[in-house]
J.: 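My questions all concern the structure below.
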Amino acid sequence: MRRTSLAFRITALCLAVAGVAVVVAGLVSARLVLTASREAARQALADQADVVAGQLDAGRAGRMRVVEVLRGQGIAVVLIGPDGGLAGEPRAVRAVRDAGGRSGLAGTRLVEVRDGIALVQETATGNGPGYRLVRNIAFALGVGLLVAAVAGLLLGKLVARPLRQTAAVARTMSGGRRDLRAPEHGPAEVAEVGGAVNALADALARSEARQREFLLSVSHELRTPLTAVSGFAESLADGVVSGPEVPAVGRTISAEAHRLDRLVTDLLDLARLGADDFRVDLAPVDLTEVVSAAAEVWRARCAAKGVEFRLELPAHPTVRTTDARRLRQVLDGLLENALRLTPAGRPVVLALHDVLQVRDGGPGLSEEDYRVAFRKGALHAKYERSRPVGTGVGLALVHGLVTRLGGTIEAGPAPEGGAVFTVRLP
């Protein structure tokens, strides 16, 4: 479908507005001009009628001369006899006399009645200057329409130019370039569009930079267990490892394979969060039961690592409308993160009050870290060489799950010395 340009639409709009203004102004002006012209003609005819009435006694030759002069001006003279009879142009004069007036308009004729005489004049003739004035006004209005068309065309091009430049920048951006910027000048709305496109370009550049960093981090995480699995598998195949060493190698290969599987699973779950078919089965859920079930599993895992596990539950059941399976996935992700960072002898706390909390006694995070904790790979890239790290997507996955459940999650310092992650469900 071919669309009309902005310049064309602005020009058409200017013409339409100017046309309406011209028609209204023309009608009003013509009405006023014709009325004023007719009134001027009537007044002039009345003055002439007064003069002619005063010259009725000037003799027949004088009267004929006056009649000839008036006829030359397009004015007919009607004589009124002593008995009221009319000579010359009876119909128009009779209509005015029957109406009981000395002056009036009979059809298109102005009539002025005096003693013994009446003057009759066609309004078209009497208003000749008025009609010329109307023609002049019409010409001026036509010029105004032409000026409006030119102004609309120039305005349209002026407004459309930065928009066209912005569209060109956006098309170039779709090809992958991020170094171009749209113009931010012109009307406020047009400049706002340019600013929005520039902000989008900056956001895309930052997002793509984070994605590249994340992909580099994930590739590094994949390469490490793959190298281990490949190396130990080759050792087994070549017979380098044998006898009592085989079970240990098998356990190492299994652990690294499990790590790979966890990374791939987290990545797939994170990708599915943005899909429309990601299932969330909302129902009334007793959070006490969900938290207690998770605590049974993680108490044992913490004990195996020598970490103290504490559970804090309310005195009464806490019911929320949520998805129990997805909520358990959130708790497992937060507890796994806490256990990985908490040294032996320090606590990991799972608490349920008005909110859900996972607290740990690990090294904690900085204020800047808390602000970016749920960004994919942000903490992984910073701490992969200084402390135990996971896949780099665990907290991002938790954040996405909580958001899908209609809740919020935030990170901060814990009283146990490490970090606390607080989940608020609707």
Side-chain angles (χ1 to χ4, degrees), residues 203 206-207 210 214 265-295 298 310-314 316-342 348-362 364-380 382-383 390-426:
R206 290 192 298 270
S207 176
R210 288 197 299 267
F214 175 68
T265 300
D266 285 351
L267 289 172
L268 290 176
D269 286 342
L270 192 61
R272 292 192 189 105
L273 279 175
D276 294 334
D277 58 352
F278 184 81
R279 286 192 59 186
V280 175
D281 300 320
L282 299 179
V285 174
D286 185 355
L287 299 186
T288 306
E289 295 181 1
V290 177
V291 171
S292 298
W298 288 97
R310 294 205 300 261
L311 176 64
E312 299 177 3
L313 291 177
H316 304 285
T318 302
V319 179
R320 294 285 189 275
T321 300
T322 187
D323 186 328
R325 182 169 63 93
R326 298 297 183 186
L327 182 60
R328 175 62 187 271
Q329 192 175 355
V330 169
L331 293 178
D332 288 343
L334 293 176
L335 287 167
E336 182 176 359
N337 182 72
L339 179 58
R340 180 172 57 250
L341 293 171
T342 303
V348 168
V349 181
L350 175 59
L352 171 62
H353 302 292
D354 292 333
V355 296
L356 278 167
Q357 283 189 336
V358 174
R359 307 193 300 267
D360 64 68
L365 300 170
S366 66
E367 289 296 325
E368 176 62 27
D369 292 339
Y370 289 128
R371 287 194 289 270
V372 299
F374 303 107
R375 186 181 299 171
K376 288 184 296 184
L379 300 182
H380 184 279
K382 182 175 181 180
Y383 292 109
T391 61
V393 298
L395 290 179
L397 176 61
V398 167
H399 180 270
L401 288 170
V402 173
T403 302
R404 273 302 186 105
L405 294 175
T408 60
I409 183 171
E410 59 186 21
E416 288 77 10
V420 55
F421 293 89
T422 303
V423 178
R424 289 181 173 83
L425 296 174

J.: Does a side-chain heavy-atom distance below 4.5 Å link V285 with V290?
T.: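 The answer is yes; the side chains approach within 4.5 Å.
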
J.: Any salt bridge between R310 and E416, counting N to O under 4.0 Å?
T.: yes

J.: Between D286 and E289, is the side chain to side chain contact (heavy atoms under 4.5 Å, CB included) condition met? List the steps.
T.: CA-CA 6 Å; D286 185 355; E289 295 181 1; 3.7 Å; yes

J.: Distance from R320 atom CZ to L282 atom CG, nearest 0.5 Å?
T.: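 Separation between the atoms: 14.0 Å.
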
J.: Please report the shortest heavy-atom distance between T288 and P317, naming the atom on each side.
T.: OG1-CA, 3.8 Å

J.: Are the side chains of I409 and V398 in touch, meaning some heavy atoms are under 4.5 Å apart?
T.: yes

J.: Only one of R371, R424, H399 forms a side-chain hydrogen bond (donor to acceptor under 3.5 Å, both in side chains) with E410, so which one is it?
T.: R424

J.: Between R359 and E312, does any side-chain N to carboxylate O distance fall below 4.0 Å?
T.: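 Salt bridge present between R359 and E312.
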
J.: Return the minimal non-hydrogen interatomic distance between A411 and F421, and the atom names on each side.
T.: CB-CE2, 3.6 Å

J.: Any side-chain heavy atom of L352 within less than 4.5 Å of one from Q357?
T.: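 No - every pair of side-chain heavy atoms lies 4.5 Å or more apart.
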
J.: Does a side-chain heavy-atom distance below 4.5 Å link L341 with N337?
T.: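 Heavy-atom side-chain distance check passes, below 4.5 Å.
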
J.: Might you point out which heavy atoms bring A294 and L350 nearest each other, and give the distance in Å?
T.: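 Heavy-atom minimum between the residues: CB-CD2, 4.4 Å.
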
J.: What's the spacing between F374 CZ and L397 CG if we round to 0.5 Å?
T.: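 One finds 12.0 Å between CZ of F374 and CG of L397.
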
J.: Please answer whether the main-chain N or O of T342 pairs with a side-chain N or O of D360 as donor and acceptor at a distance below 3.5 Å.
T.: no

J.: About how many Å separate OG1 of T318 and CG of L356, when rounded to the nearest 0.5 Å?
T.: 8.5 Å

J.: What are the two closest heavy atoms between V355 and V423, and how far apart are they?
T.: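 Reported closest heavy-atom pair: CB-O, 3.5 Å.
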
J.: Counting only heavy atoms not in H353, do more than 12 sit closer than 6.0 Å to its NE2 atom?
T.: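 Enclosed.
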
J.: Nearest 0.5 Å, please: how far is CG in L331 from CH2 in W298?
T.: 10.0 Å

J.: Sequence neighbours left out, what passes salt bridge (Lys or Arg N to Asp or Glu O under 4.0 Å) with E336? Give chain and number order.
T.: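 Checked E336 against salt bridge (Lys or Arg N to Asp or Glu O under 4.0 Å); matches are R262.
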
J.: From the options V319, L327, L313, select the one residue that forms a side-chain contact (heavy atoms from CB on, under 4.5 Å) with L287.
T.: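 Exactly one pass, corresponding to L327.
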
J.: Is a side-chain donor or acceptor of D281 paired with a backbone partner of D323 at a separation under 3.5 angstrom?
T.: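 No; zero donor-acceptor contacts below 3.5 Å.
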
